[in-house]
**Q** 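The structure that follows is given in the form of structure tokens.
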Amino acid sequence: MGRHPAVQIDLGTGDGRAVLAAAIAAPERLVIGVDANAAGMSEVSRKAARGKLANTLFVVAAAERLPRELDGVADLVTVYFPWGSLLRGVVTADPVIVAGLARVMKPGASLSILVSVTEHDRSSGLSPIDERDLRGLAEPFAAQGLTITGVTSATAADIADTGSSWGKRLGAGSQRDAWRLAARRSDAPGDREPSAEHRAVPACGVPREQ
């Protein structure tokens, strides 16, 4: 990672297309896609190899158990249209999820989250969210060292710029409301010892650096 002046982690990257978009847009930046589903990232991983995108890396890990090798490496963390436990963790400010986000960020690093939860998503067990709900996350985020710096409505153009396949499939920003939550890492990384659970999880990745 030392070869790159900046590092971005795309958490819950899904098919990894957002990683390719970011890596192409900023070739000097190392872009790391993290997802629990290795199969979902396989096609894009091969495409990155064929395109000789040495500034990409794919890591198989759950958001609840991020490898300690990622601690404090990111200048930017992106979470684009999470689903399942990651979505619930973000919009309910689950301490495990939010602490994990903070843990992989450098002091002063930025966090950008795009979310959309509407009436159509009640089967997920979540109620629709709006700007007020997201601003209400300020206190629990601050408890983990993250300062929310803005909550804005996301447009279809904003979402297209991310390269997120899932955001496009949802019709976010056009067919349904979408929101961008921006935050900043406001304290130095802690000196906590990794739990037994974290120590048991290996960092499985497909490196693209030579």
Side-chain angles (χ1 to χ4, degrees), residues 1-36 41 44-63 65-82 86 90 97-115 141-142 144-152 154 157-167 180-191 198 203-210:
M1 295 183 191
R3 290 172 50 189
H4 300 274
V7 176
Q8 175 182 346
I9 293 177
D10 186 48
L11 184 58
T13 195
D15 64 12
R17 295 186 185 279
V19 171
L20 288 191
I24 292 169
E28 76 287 351
R29 174 185 295 170
L30 175 63
V31 187
I32 304 172
V34 181
D35 202 279
M41 298 185 289
V44 165
S45 175
R46 290 192 294 269
K47 185 177 292 187
R50 290 195 299 269
K52 299 183 179 179
L53 287 175
N55 63 325
T56 62
L57 180 71
F58 296 92
V59 176
V60 181
R65 296 181 296 278
L66 295 173
R68 287 285 169 176
E69 289 84 350
L70 296 180
D71 282 10
V73 304
D75 302 273
L76 170 65
V77 173
T78 52
V79 185
Y80 295 146
F81 301 103
L86 180 54
V90 167
I97 295 294
V98 180
L101 291 171
R103 181 163 58 81
V104 300
M105 296 167 69
K106 295 178 181 178
S110 298
L111 170 66
S112 180
I113 300 174
L114 286 171
V115 292
F141 269 54
Q144 303 297 337
L146 295 174
T147 300
I148 292 179
T149 57
V151 176
T152 56
D158 293 332
I159 292 149
D161 286 343
T162 68
S164 168
S165 301
W166 187 235
R180 184 189 297 275
L181 183 153
R184 180 176 55 83
R185 176 70 192 257
S186 52
D187 66 347
D191 295 322
H198 281 124
C204 304
V206 183
R208 296 296 163 214
E209 293 186 277
Q210 301 297 324

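As a basis for the values below, the full set of heavy atoms in this structure was taken, side chains included, without hydrogen atoms, waters or symmetry mates.
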**Q** Which distance, rounded to the nearest 0.5 Å, do you find between the CZ of R184 and the CD1 of I148?
**A** 12.0 Å
**Q** Can you tell if the side chain of D75 reaches within under 4.5 Å of the side chain of R29, non-hydrogen atoms only?
**A** no
**Q** Mind checking the NZ-CE spacing from K47 to M41? Nearest 0.5 Å is all I need.
**A** 15.5 Å
**Q** Would you give the length of the straight line joining atom CG of L30 to atom OG1 of T56, rounded to the nearest 0.5 angstrom?
**A** 8.0 Å
**Q** For I24 and P27, which heavy atoms make the closest approach, and how far apart are they?
**A** O-CD, 3.6 Å
**Q** So L70 and V34, side-chain contact (heavy atoms from CB on, under 4.5 Å) or not? Walk me through it.
**A** CA-CA 10 Å; L70 296 180; V34 181; 4.1 Å; yes
**Q** Out of I9, I113, D10, which one pairs with V79 under the side-chain contact (heavy atoms from CB on, under 4.5 Å) rule?
**A** I113
**Q** Going from CD1 on I32 to CD on E69, what distance comes out if it is rounded to the nearest 0.5 angstrom?
**A** 11.0 Å
**Q** Of all the heavy-atom pairs spanning L86 and L11, show the shortest one and how long it is.
**A** CD2-O, 4.0 Å
**Q** If you apply the rule side-chain contact (heavy atoms from CB on, under 4.5 Å), what do you find for L146 with R185, and how did you get there?
**A** CA-CA 5 Å; L146 295 174; R185 176 70 192 257; 4.2 Å; yes
**Q** Mind listing the closest non-hydrogen atom pair of I159 and L114 along with its distance?
**A** CG1-CD1, 4.5 Å
**Q** Indicate yes or no: at least one non-hydrogen side-chain atom of Q144 is less than 4.5 angstrom from one of L101.
**A** no
**Q** Quick check: closest heavy atoms across A109 and A74, and the distance to 0.1 Å?
**A** CB-O, 3.2 Å
**Q** Testing the basics here: between L20 and A48, what is the closest heavy-atom pair and its distance to 0.1 Å?
**A** CD2-CB, 3.8 Å
**Q** In terms of side-chain heavy atoms, does D35 have a donor or acceptor partner in T13 at a distance below 3.5 Å?
**A** no
**Q** Quick check against the 3.5 Å criterion: does N55 have a side-chain atom that pairs as donor or acceptor with the backbone of E28?
**A** no
**Q** Could you check if a side-chain atom of V44 sits within less than 4.5 angstrom of a side-chain atom of R17, using non-hydrogen atoms only?
**A** yes
**Q** Report yes if the side chains of P67 and V59 come closer than 4.5 Å at any heavy-atom pair, otherwise no.
**A** yes
**Q** Do the side chains of L181 and V115 get nearer than 4.5 Å, heavy atoms only?
**A** no
**Q** Please name the pair of heavy atoms, one in Y80 and one in S112, separated by the smallest distance, quoted to 0.1 Å.
**A** CE2-O, 4.4 Å
**Q** With side chains defined as the heavy atoms from C-beta onward, is the minimum distance between Q8 and V77 less than 4.5 Å?
**A** no
